[in-house]
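The block underneath contains the structure these notes are about, expressed in structure tokens.
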Amino acid sequence: MAQYAPQYNLFTIIDKIRTGIAVIFWIVFILSAAPPLIKMLDIKIDLEDIISTVNIIAISLFFVLEIIVEYILIPQADSKRRDDFIDNAFGSTFSPSPFLLGIMIQTKYRKVFIKQHVIFLRTAFLHTV
């Protein structure tokens, strides 16, 4: 059994965003149905402009979130899932575990730090001579 699934974090984010999308959908539905109901019930409230503005903003937010989920987050999660599948099948390192990823990042920063430190020492030594 796998101890780490690299796509799990992205799918968790996707689920949260989709819950928000569902809430926004119902808000848009209610706001779309409100003006005709207000007119039908002869309620003398002048909220139609505010309702329309909030409705337009909610529709725009719904559209943007849907695009982000469908065209950015899901392809990333699927790519990580495929890499993890290949990794499990062939024993490669397409999807490193979080522990190994942390070691690789630390090693990368350590190399950069040492390289910068050596360059600094060389320039400092050349200027003193």
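Position 1 is the first residue of the sequence; numbering continues from there.
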Side chains of residues 28-38: which donor-acceptor partners sit under 3.5 Å, not counting sequence neighbours?
unit_1: S32; atom_1: OG; unit_2: V28; atom_2: O; d: 2.8
unit_1: S32; atom_1: OG; unit_2: N55; atom_2: ND2; d: 3.2

Distance-only check: which donor-acceptor pairs under 3.5 Å involve side-chain atoms of residues 56-68, not counting sequence neighbours?
unit_1: S60; atom_1: OG; unit_2: I56; atom_2: O; d: 3.0

Between atom OG1 of T19 and atom CD1 of I24, what is the distance when rounded to the nearest 0.5 Å?
-> 11.0 Å

Listed by chain and number, what are the side-chain contact (heavy atoms from CB on, under 4.5 Å) partners of T12, not counting sequence neighbours?
-> Y8, K16

Can you pull the salt bridge (Lys or Arg N to Asp or Glu O under 4.0 Å) pairs that have at least one residue in residues 51-61, sequence neighbours excluded?
-> none

Kindly state each residue pair satisfying salt bridge (Lys or Arg N to Asp or Glu O under 4.0 Å) with at least one member in residues 26-39, sequence neighbours excluded.
-> none

Show me, pair by pair, the donor-acceptor contacts under 3.5 angstrom made by side chains of residues 69-79, not counting sequence neighbours?
unit_1: E70; atom_1: OE2; unit_2: R18; atom_2: NH2; d: 3.0

